[in-house]
Amino acid sequence: MSDIPPTPATPAAETSGCSCCAPAPTSGLQIGRPQQDTGSIVATDYEVEGMTGAGCASGVTTQLKKVTGVTDVRISLTPGKASPVTVDSRSQLSLDDVREAVAKAGYSLHRS
């Protein structure tokens, strides 16, 4: 017997990563739709086509973080579909800047 208590399971909604760990609903997401303004940070939802794994998401994250004002990027991979991407920034981003960063990573914004 061990005195170490079992680690509680993390609910799927709190995990991040591949779509099998945390499938995210994609309905209602539109290119460049502001999600919420939390004071000085603006969270905006996008959809990116073509990502299939962590390497893809890493490349997109790296390029998006180079856009002036971006503070954080969260991606829920949905292989075979456009993946939801939430970008936090200090102010509203230019759609052209976001589109260019995604293209530099080798992907494209989904058109709804």
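Computed from heavy atoms alone, side chains included, the values below leave out hydrogens, waters and symmetry copies.
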Distance-minimising heavy-atom pair for T78 and P84: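 Here T78 and P84 meet closest at OG1-CD, 3.9 Å.
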Residue pair S83 / S76: nearest heavy atoms and the distance that separates them: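 Minimum heavy-atom contact is CB-O, 3.4 Å.
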Side-chain atoms of residues 50-71: list all donor-acceptor pairs with protein atoms under 3.5 Å, sequence neighbours left out, distances to 0.1 Å.
residue: T61; atom: OG1; partner: A57; partner atom: O; Å: 2.8
residue: T62; atom: OG1; partner: S58; partner atom: O; Å: 2.9
residue: T71; atom: OG1; partner: D88; partner atom: O; Å: 3.3

Partners passing side chain to side chain donor-acceptor pair (under 3.5 Å) against D97 (at least two apart in sequence or in another chain):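 D97: no side chain to side chain donor-acceptor pair (under 3.5 Å) contacts found.
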D96 vs R99, side-chain contact (heavy atoms from CB on, under 4.5 Å): CA-CA, chis, key distance, verdict: CA-CA 5 Å; D96 289 337; R99 183 175 285 125; 3.7 Å; yes
[X] vs [Y] side-chain heavy atoms within contact, under 4.5 Å:
{"X": "V85", "Y": "E47", "value": "no"}
{"X": "T86", "Y": "Y46", "value": "no"}
{"X": "V87", "Y": "L93", "value": "yes"}

Spatial distance of atom CZ (R90) from atom CD1 (I41) [nearest 0.5 Å]: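 Taking CZ in R90 and CD1 in I41, the distance rounds to 6.5 Å.
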